[in-house]
Number of protein chains: 2
Amino acid sequence: MELRGGIRPGGRSARVQASVHAAVGRLLARETRASITIPMIAAEAGVTPSTIYRRWGELQELLSDVAVERFRADTPPADTGSGRGDLEAWAEQYVEEMGSAPGLAMIRDIIAAQSGSGNATRCCTITRAQIEEIGARASARGERFPDTDAVIDGVVGPIMYRILFWESPDAEYGRGLVARLYAGEAG
Amino acid sequence: MELRGGIRPGGRSARVQASVHAAVGRLLARETRASITIPMIAAEAGVTPSTIYRRWGELQELLSDVAVERFRADTPPADTGSGRGDLEAWAEQYVEEMGSAPGLAMIRDIIAAQSGSGNATRCCTITRAQIEEIGARASARGERFPDTDAVIDGVVGPIMYRILFWESPDAEYGRGLVARLYAGEAG
DNA sequence: CCTGCAAAAGCAAATGAATTGCTTTTGTGG
DNA sequence: CCACAAAAGCAATTCATTTGCTTTTGCAGG
């Protein structure tokens, strides 16, 4: 999918992409992940399979694209009154969403896409933007707030590793990481 | 693949599994990841495709199994004289191996396997064992050494996150994580 | 507005992977 | 040595994927 940038909004390409993405969404709610096929999506979206094959190449790529969209659709970080509180709340929610069965499936789809169409990077960018939003609010209040990289390394990375390679942690785990991060920063 | 446990060494099952795994290894060296198909592997291994379909179900599962094997095949952690030195050396090597193109492909294959046959968990267990080996040596020398969980959260998680969601970091990054871990432990 | 052009979508045939019922082989336990 | 169960082979069938060609679409220039 290197043509993403070249799609004019409102054109036929955009309409097809939208209806295909929507079709995938509906199917993901209705069918098993493994049972979904490109012809099935094509039928649901009202396009011919070859259109999908030509635009996305393989199922994984399409699923990956749809997954990033869902990743993006998160609500903005809550404002609890302090940077640390915001980060704790955000980490809890992150653990919960990404660690859930649908969240995990989403992440798998994003990572599994062969041509690594930059979808994983896109997720990281979205995550960073959310952290920076919290950080900006904290700065506006005159608080010290850890660097985005430090939050990624101290909170996001460990959470994602547990989810992918061990078992989904609980909200407490997220709070603990934030606590350790603040302990380290302070020293 | 829930039959892994039930394979008797030396039996026919074991032989088939070995020749299929070996065939995948040879093909991975010779062909593009995307061009490899089950019939191709079957031909290379000298078995019929249906055997592979019945035992692994889908290509991804088989590739995932082969990938863990390669993950396991790492050399034991070097002994540099101190726990911290060992951990730094280990982190550097981990970054290098996992962040390389073949390493990344391997990890993708492991994570992508639908039925999450426990292969990702297996990797984590292997990683933990290596960390514990370093820790045991450190303890034997009378040094303080961080908890395995702390190393996972402070070093392994962040590295893996960068590799999967951003871009492969360099060896310096690994050393930095170890330094931060020790700084935090000390305080 | 109309017309031409390029890009994308549809169609349909052909290719080849996945699935499955049935048969044969293999190795272990009696 | 024999019987039995598990796994592998075989082959026919189904269905996903690929591809050449035709049709539609929407934008640009006249």
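So that the names make sense, note that chain A is the first sequence line, chain B the second, and so on, each numbered from 1. Since the structure is predicted, the reported quantities are computational estimates derived from the model, not experimental observations. Values reported hereafter were calculated over all heavy atoms of this structure, with side chains retained and with hydrogens, waters and symmetry mates removed.
- The nucleotide whose nearest atom lies closest to any side-chain atom of B/S13 is, among C/dG27, D/dA7, D/dA11, D/dA7.
- B/D79 pairs by the side-chain hydrogen bond (donor to acceptor under 3.5 Å, both in side chains) definition with B/R141, not counting sequence neighbours.
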Run the side-chain donor-acceptor check on residues 42-50 of chain B: report pairs under 3.5 Å with partners two or more places apart or on a different chain.
from, atom 1, to, atom 2, distance (Å)
B/E44, OE1, B/R30, NH2, 2.9
B/E44, OE2, B/R26, NH1, 2.5
B/E44, OE2, B/R30, NH2, 3.2
B/T48, OG1, B/T51, OG1, 3.2

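- Side-chain nitrogen and oxygen atoms of B/T51 include at least one within less than 4.0 Å of the OP1 or OP2 phosphate oxygen of D/dG9.
- The aromatic rings of A/W56 and A/H21 sit tilted relative to each other, their planes meeting at an angle between 30° and 60°.
- Atom CZ of A/R54 is separated from atom P of C/dA12 by 14 Å (rounded to the nearest Å).
- Annotation: ring pair (Phe, Tyr, Trp, His ring centres under 6.0 Å) contacts of A/Y94 (sequence neighbours excluded): A/W90.
- B/D170 pairs by the salt bridge (Lys or Arg N to Asp or Glu O under 4.0 Å) definition with nothing, not counting sequence neighbours.
- With sequence neighbours excluded, the residues that form a side chain to side chain contact (heavy atoms under 4.5 Å, CB included) with B/R70 are B/L28, B/V66, B/M106.
- In the set D/dA7, C/dA7, C/dT20, the nucleotide with an atom closest to the side chain of A/R12 is C/dA7.
- Taking only side-chain atoms of A/R55, from C-beta outward, the nucleotide of C/dA8, C/dT20, D/dA8 with the closest atom is C/dA8.
- Taking every heavy atom of residues 19-45 of chain A and every atom of DNA chain D, pairs under 4.0 Å involve A/T37, A/I38, A/P39, by number.
- Between the CD1 atom of A/I52 and the P atom of D/dT17 there is a distance of 10 Å, rounded to whole Å.
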